[in-house]
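Letters A, B, ... are given to chains in the order of the sequence lines, protein chains preceding strands, and every chain is numbered from 1. As the structure is a prediction and not an experimental result, all values here were calculated from the model.
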4 protein chains.
Amino acid sequence: MTSVDEPARPHGNGRLRDAARTRAEILDVATQEFARVGYAGARVDDIAARTSTTKRMIYYYFGGKEQLFTAVLERAYGVIREAEQRLDVEHLDPVAAIRRLAELTFDHHERHPDFIRLVSIENIHEAEHIAASEKLGRIGSPALDVIRRILASGRESGLFTADVDAVDLHALISSFCFFRVANRHTFGALFGRDLVDPDRREHYRTMLGDMVIAYLTAERSAD
Amino acid sequence: MTSVDEPARPHGNGRLRDAARTRAEILDVATQEFARVGYAGARVDDIAARTSTTKRMIYYYFGGKEQLFTAVLERAYGVIREAEQRLDVEHLDPVAAIRRLAELTFDHHERHPDFIRLVSIENIHEAEHIAASEKLGRIGSPALDVIRRILASGRESGLFTADVDAVDLHALISSFCFFRVANRHTFGALFGRDLVDPDRREHYRTMLGDMVIAYLTAERSAD
Amino acid sequence: MTSVDEPARPHGNGRLRDAARTRAEILDVATQEFARVGYAGARVDDIAARTSTTKRMIYYYFGGKEQLFTAVLERAYGVIREAEQRLDVEHLDPVAAIRRLAELTFDHHERHPDFIRLVSIENIHEAEHIAASEKLGRIGSPALDVIRRILASGRESGLFTADVDAVDLHALISSFCFFRVANRHTFGALFGRDLVDPDRREHYRTMLGDMVIAYLTAERSAD
Amino acid sequence: MTSVDEPARPHGNGRLRDAARTRAEILDVATQEFARVGYAGARVDDIAARTSTTKRMIYYYFGGKEQLFTAVLERAYGVIREAEQRLDVEHLDPVAAIRRLAELTFDHHERHPDFIRLVSIENIHEAEHIAASEKLGRIGSPALDVIRRILASGRESGLFTADVDAVDLHALISSFCFFRVANRHTFGALFGRDLVDPDRREHYRTMLGDMVIAYLTAERSAD
DNA sequence: AATGAATGAGGCTTCATTCAT
DNA sequence: TATGAATGAAGCCTCATTCAT
């Protein structure tokens, strides 16, 4: 992202490396801009201006604004997938594992507000870029498999009573994490409470875990 | 602002009625357009074209695109406030009352996807229009008072054990309702599950209630 | 100009008086606005807004922006004519009379910067409004007659040697008075000297008189 | 900015030449239009239409209407400065030198009516564009230095008696030259005399010289 | 004599994109 | 691989003016 001063190499793939770097730089800036002001609000000129290359390169590498936005989404989702692939909670008992997974989800949302904004924006566009992307259609989530296994194990042991599958539980966990970051501005403006206040962070993190565990383990009337 | 049914008066206000109607019509169309494509994506020309008046009237009544968007938000929040003021759940016992409130919140989100989109959009803009609006700053929510009273009553009777105040509980309930509608496109595209599929509606509605009640009533380790 | 609270009179010309007053108020405001930002720069809305009446009245009384500007010019030239009609310098000897007249012209320009601006503006428009006005075409100037008589008397007595007629002398005197007020902004910005600085007022007033007298009385080579 | 006569170079700058030409062409047309109808009266569309490029280029090169007007002023003042730098009168005796300088000023005004109109217009705007321009603030005038030296020499030799400095004398000379061109429309319309009638040109040119010399050399009462 | 609502034409500016080199 | 110049379409907004009452 920062310009690296590496010695000019007479032969070889110096060019190629530069190309990759240019591409990455454009993606970095574009991610910030799209996240900041939305797809329609972003300006190709502004993105180019914040780059060490020119506007022409955006068209050269990505083809256009729309494809650039799709590339931004693809990379952003790639990052989250990688993080999820590093999840390591299955050595814990089901209750602890789920709580840990919820917390990691919570942390990931907190650390990537730009990604959350991009997702909000993509939803305004009814996920059309995801639908058009070869990389992103039905990409699923590594976390889902983890959840699936924890749920199965918890249910086997009789600890979990709730009638949820992994996808719904993922939605339940995500909803709180996402809302807290995505809607913090309107929520703060209307209710005077900053949902991402660092001082309240632990409180909300615990609240999420409590909620998920309570839901999964609640005594159920025979239905 | 809402369509007024007042009898035709002998002289005068014929025009005034038209003015209110014109204003309301513009707001209706603008609400749809802003919700559909966001603030930056919306076109004043398009809004005007879908109206029985002209573009000029938008500027006459609202002053500009930005103020129009603010007016749209103001009216949209007004509608939700009115709905919340009609909440009538306090004759129920705390558990039933909270479940009912969660369900009504759920239903309201389901019925007003445009409103949810507007809120997402306003969050992308970091709630700047709410902040600039005299009508909307720290508007609070009638639902909060209802929640507050139910929580107090439930805690008194020993039914509720969770350490939440009304604002946090409101966030918890809203997050699921909001996410389900707001993020349904990306969620559907990535996981192949339509969160607003009518066939799954009851399932999610129950799930929300279960989650909230489980959270509020869970046995807590002495901490 | 200020709204006067006079008792409503049941009969009589109360209406007419109001009409005259409204007209005058519009003219006052229009004079300021046109002088401030030029004909094209002035806004009918702004003029109306600074009035106690409405925009409609401007059209009612004057017909349109163009005619309003013409009316403004007509009244402004009327004021200067009246002032010139009160010139009383012919009891002085020719030299003193001319100096006095120059000084009065100087003073008049200083006191009516808005008028000078209007004249500049009308020149940008190539005097088309004057040409179109019945009141203003070839209106001449009472001052011209005065100058004519002084010149004749001065030449008779041998004091004045210059080959000028009244119109040219009027131009000579006016040019300095006009330039000092009209061009003071560019002159000040470029040369750092404020031509209308009160402290330099006497200096320029004297300079003008000296110049005119010197010109009129200079010894001429036999040509 | 001025049309450059540089030989076509083997590669490269073909475009650059075009850019300079495009810029210059826009400036030419803009100068005419602004001079013709004033800043507010000029239309960016009209300027573009009279150009071989498009409206977009005006914004590409100048940024906007306001900056275009400033650029027009900058170039116009640049032209006059160049002319003044070519003044060559100091080989004459002070009286002849001043008369010659006045005549050259007179001629320059006559030859550049558009420039005079621009200056009038800029004064209506209270020299705000000059103030905002880095090129134009306190630009001074080469003529001033010339005048200064002539004045000193004339005063040394006892020929000049008047109490003026170069700036004031410059104002005195300019005022007549400027008025004659700038106010010719209203003056002509009101008094029936065309100040720029070619037949009267020599008359006014002489009149200006006579006036300046008479003023500078007049016998002064001991004050 | 007065007014709020309405209007069509046109104003300035900006957009994503492409061209020639 | 890279770039400054160029573009047409469209964006938001404002103008002087008129209408219905």
Next item on the list: State which residues pass side-chain hydrogen bond (donor to acceptor under 3.5 Å, both in side chains) with A:Thr53; sequence neighbours excluded, sorted by chain then number.
Entry: none
Item checked: Protein-nucleotide distance (D:Arg23, atom CZ; F:dG4, atom C1'), rounded to Å -> 14 Å
Notebook entry, point to check: With sequence neighbours left out, what residues match C:Tyr77 under ring pair (Phe, Tyr, Trp, His ring centres under 6.0 Å)?
Noted result: C:Phe115
Next item on the list: Please determine, for the side chain of B:Thr54, which listed nucleotide (E:dA5, F:dT1, E:dT7) has the closest atom?
Entry: E:dT7
Check: Counting only N and O atoms by type, is there a donor-acceptor contact under 3.5 Å from the side chain of D:Glu25 to the main-chain atoms of D:Ser52?
Finding: yes
Notebook entry, point to check: Roughly how many Å is it from CD1 in B:Ile47 to C1' in F:dA10, rounded to a whole number?
Noted result: 15 Å
Notebook entry, point to check: For A:Phe62, what residues pass the ring pair (Phe, Tyr, Trp, His ring centres under 6.0 Å) criterion, not counting sequence neighbours?
Noted result: none
Note to self: Please check this pair: side chain of A:Asp114 against backbone of A:Ala35, looking for a donor-acceptor N/O pair closer than 3.5 Å.
What the structure shows: no
Next item on the list: Write down the distance between CD1 (A:Ile26) and P (F:dT1), rounded to a whole number of angstrom.
Entry: 12 Å
Notebook entry, point to check: Does any N or O donor sit under 3.5 Å from an N or O acceptor when you compare the side chain of D:Tyr60 with the base of F:dA5?
Noted result: yes
Next item on the list: Would you kindly compare B:Glu66 and D:Ser52 by the position of their nearest DNA chain F nucleotide and give the one closer to the 5′ end?
Entry: D:Ser52
Margin query: Within this structure, what is the OG-CD distance for the pair C:Ser133 and C:Glu122, rounded to the nearest 0.5 Å?
Written below: 9.5 Å
Checklist line | F:dA2 OP1/OP2 closer than 4.0 Å to side-chain N/O of A:Thr53 | finding: no
Notebook entry, point to check: Hey, which of these two, C:Gly64 or D:Met57, hits DNA chain F nearer its 5' end, going by closest nucleotide?
Noted result: D:Met57
Check: Expressed in angstrom and rounded to an integer, what is the separation of A:Arg21 atom CZ from F:dA2 atom P?
Finding: 11 Å
Check: Just how far, in rounded Å, is P of E:dT18 from CD1 of A:Ile58?
Finding: 13 Å
Polar atom pairs between nucleotides 14-16 of chain F and protein, under 3.5 Å, N or O only, would you list them?
| unit_1 | atom_1 | unit_2 | atom_2 | d |
| --- | --- | --- | --- | --- |
| F:dC15 | OP1 | C:Arg43 | NE | 2.4 |
| F:dC15 | O5' | C:Arg43 | NE | 3.4 |
| F:dC15 | N4 | B:Arg56 | NE | 2.0 |
| F:dC15 | N4 | B:Arg56 | NH2 | 3.3 |
| F:dA16 | OP1 | C:Ala42 | O | 3.0 |
| F:dA16 | OP1 | C:Lys65 | NZ | 2.8 |
| F:dA16 | OP2 | C:Val44 | N | 3.3 |

Next item on the list: Going by the salt bridge (charged side-chain N to carboxylate O under 4.0 Å, His left out) test, name the single residue among D:Arg75, D:Arg23, D:Arg21 that passes it with D:Asp28.
Entry: D:Arg75
Note to self: Give the dot-bracket line for DNA chain E from 5' end to 3' end: parentheses for intra-strand Watson-Crick or G-U pairs under 3.5 Å, square brackets for crossings, | for inter-strand pairing, dots for unpaired.
What the structure shows: .||||||||||||||||||||
Next item on the list: Starting at atom CD of A:Glu33, determine the distance to atom P of E:dA16, rounded to an integer number of angstrom.
Entry: 11 Å
Check: So, do D:Val37 and C:Ile124 sit near enough that their side-chain heavy atoms are less than 4.5 Å apart?
Finding: no
Notebook entry, point to check: To the nearest angstrom, how far is A:Gln67 atom CD from E:dT17 atom C1'?
Noted result: 11 Å
Note to self: I need the CD-P distance between C:Glu25 and E:dA2, as an integer number of Å.
What the structure shows: 11 Å
Item checked: Partners passing ring pair (Phe, Tyr, Trp, His ring centres under 6.0 Å) against D:His125 (at least two apart in sequence or in another chain) -> D:Tyr39, D:His129
